[in-house]
Amino acid sequence: MALKLGYNSNGFTSHGLEEGISILADYGYSAVAITPDVGHLDPRYSTPEDVRAIGTFCRDLGMEVVLESGARFALDSRRKHRPNLLEVDEGRDIRLKYLRHLVEWCDLLGAQVLSFWSGVLPQGQTTEGAAGRLAEACENLGNLATRYGAKIALEPEPGHFIDTAESWKQFCGKASSPTALALDIGHCLATGEGEPEKVLTKYATDVISLQLDDMVRGDHCHLAPEEGDLDWPALSATIQALNLNIPACWELSRDSHRFDTLAPEVAAFSKKAGLI
């Protein structure tokens, strides 16, 4: 078995969605993480037929789909990643409704995984209140995902309420509904949690989706391979030893302007490094 190498659509926003996916297929990618956003399957205007057509397009190209929910201003054009699931007001219900909508899209796209994050702790919210809100949302989403044959995966995000794999584990240990782990390997360096290969080894049985990127220690900035501090040979050896068979999508949202050159370079790097 091997990783299913992919690329996040937030890394080719200057290309149309079908155009970008076609380019990825040409370079040997076998997965794509689709982030619905203003330029790609805009959640405000895309019809079920639009979404289903992309799912069929991906299937015909042999591309596995992961559905991501991290568009920065999907719900509020003036506040990044707000409202979130932890809000003290009805904004929480807006985010939950949006995520339920994306769970339904999993069925249309043929995606088996919906990745999401907790969000930052809002002003006026307590730790206990946030944990309770998040647990309710995970149960709600998990039950709906089961109906559609999909799984939900919570991604620890630097600066968010759930910011590390360890905080994910602590949260899931208290929650009644199981929620899988979506692990961004660069985040391990950004938060200082540990070497990515060690974190991945510790939580390998929980991880159902990987995000690939390089990062400088302590700096949450997604970088192309070998532009940060990540030990790629160590990570590659770990991936091979674990015999992972999950989608692993490069998330290079700040590099859309060079997707034309990065896509083939990253594919070649991934193969040479032994990631696939």
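The structure displayed is predicted, hence computed values, not measured ones.
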*May I ask you to decide if the ring planes of Y7 and F259 are parallel, tilted or perpendicular, using 30° and 60° as cut-offs?*
perpendicular
_Between H187 and H160, is there a side-chain heavy-atom distance shorter than 4.5 Å?_
no
_Chi angles and distances behind the side chain to side chain contact (heavy atoms under 4.5 Å, CB included) call for N10, D37_ = CA-CA 8 Å; N10 63 17; D37 208 341; 5.9 Å; no
_What I'd like to find out is whether the side chain of S22 reaches to under 4.5 Å of the side chain of F57, using heavy atoms alone._
yes
*asked:* Quick one, Y148 and C106 - any side-chain contact, counting heavy atoms below 4.5 Å?
replied: no
*Check the hydrophobic clustering (I, L, V, M, F, W, Y; side-chain heavy atoms under 4.5 Å; chains of links allowed) and say if L134 and V120 are grouped together.*
no
*Quick one: does S9's side chain have a donor or acceptor within less than 3.5 Å of a partner on T35's backbone?*
yes
*Which of parallel (below 30°), tilted (30 to 60°) and perpendicular (above 60°) describes W168 and Y203?*
perpendicular
*How many angstroms lie between CG in L275 and OG1 in T238, if you round to the nearest 0.5 Å?*
10.5 Å
*Are more than 12 heavy atoms from other residues, nucleotides or ligands located less than 6.0 Å from atom CD of Q125?*
yes
*Please check if the side chain of S46 supplies one atom and the backbone of V51 the other of a donor-acceptor pair under 3.5 Å.*
no
*Distance from I21 atom CD1 to L61 atom CG, nearest 0.5 Å?*
8.0 Å
*So, does R95 use its side chain to make a donor-acceptor pair with the main chain of P83 at under 3.5 Å?*
yes
_If hydrophobic clusters are built from ILVMFWY residues whose side chains come within less than 4.5 Å, do V113 and L109 share one?_
no
*Rounded to the nearest 0.5 Å, what separation is found between the CE atom of M215 and the CG atom of L230?*
9.5 Å
*Between W232 and D214, is a side-chain hydrogen bond (donor to acceptor under 3.5 Å, both in side chains) present by the stated rule, with each step listed?*
CA-CA 9 Å; W232 292 102; D214 210 337; 3.1 Å; yes
*Can you hop from I34 to W117 via hydrophobic side chains spaced under 4.5 Å?*
no
*Can you tell me how far OG1 of T126 sits from CG of L121, rounded to the nearest 0.5 angstrom?*
7.5 Å
*Does E68 use its side chain to pair, donor to acceptor, with the backbone of N8 at less than 3.5 Å?*
no
*Does any N or O in the side chain of E87 come within less than 3.5 Å of the main-chain N or O of N84, such that one atom is a donor and the other an acceptor?*
yes
*Relative to each other, are the rings of H222 and H220 parallel, tilted or perpendicular (30° and 60° limits)?*
tilted
_Rounded at 0.5 Å granularity, tell me how far CD1 in I94 sits from CZ in R82._
11.5 Å
*Spell out, as yes or no, whether a donor-acceptor pair under 3.5 Å connects the side chain of T179 to the backbone of A153.*
no
_Audit row: R92, E136, salt bridge (Lys or Arg N to Asp or Glu O under 4.0 Å) steps and yes/no_ = CA-CA 11 Å; R92 178 259 193 182; E136 291 173 0; 3.1 Å; yes
_Do L99 and I208 sit in one hydrophobic cluster, given that two such residues count as connected whenever their side-chain heavy atoms are within less than 4.5 Å of each other, even indirectly?_
no
*Ion pair present between K169 and E193, side-chain N to carboxylate O less than 4.0 angstrom?*
no
*asked:* Using modelled atom types and a 3.5 Å cut-off, is there a donor and acceptor pairing between side-chain atoms of D26 and backbone atoms of I23?
replied: no
*Stepwise, does the side-chain hydrogen bond (donor to acceptor under 3.5 Å, both in side chains) test hold for N143 with T146?*
CA-CA 5 Å; N143 290 337; T146 298; 5.5 Å; no
_Keeping D184 on the side-chain end and G186 on the backbone end, is there a donor-acceptor pair under 3.5 Å?_
yes
_Walk me through whether R254 and E227 qualify under salt bridge (Lys or Arg N to Asp or Glu O under 4.0 Å)._
CA-CA 13 Å; R254 293 173 175 83; E227 293 183 359; over 6 Å; no
_Donor-acceptor check, side chain of S256 to backbone of T13, threshold 3.5 angstrom: yes or no?_
yes
*asked:* Tell me whether V66 shares a hydrophobic cluster with V207, the cluster being built from Ile, Leu, Val, Met, Phe, Trp, Tyr side chains joined at under 4.5 Å.
replied: no
*For E195, enumerate each residue passing the side-chain contact (heavy atoms from CB on, under 4.5 Å) test, keeping only those at least two apart in sequence or located in another chain.*
L189, E197, K198, R217
_Residue K151 excluded, over 12 heavy atoms near NZ under 6.0 Å_ = no
*Can you find a pair of side-chain heavy atoms, one from L3 and one from S30, that are under 4.5 Å apart?*
no
*Supply the atom-to-atom distance L114 CG to L154 CG, rounded to the nearest 0.5 angstrom.*
10.5 Å
*Evaluate the criterion side chain to side chain contact (heavy atoms under 4.5 Å, CB included) for residue pair F12 and L252; output intermediate values, then yes/no.*
CA-CA 9 Å; F12 54 86; L252 303 173; over 6 Å; no
*asked:* Counting neighbours of CD on Q123 that are heavy atoms of other residues, nucleotides or ligands and sit closer than 6.0 Å, is the number greater than 12?
replied: no
*asked:* Could you check whether S236 and Q240, counting side-chain N and O atoms only, form a donor-acceptor pair closer than 3.5 Å?
replied: yes
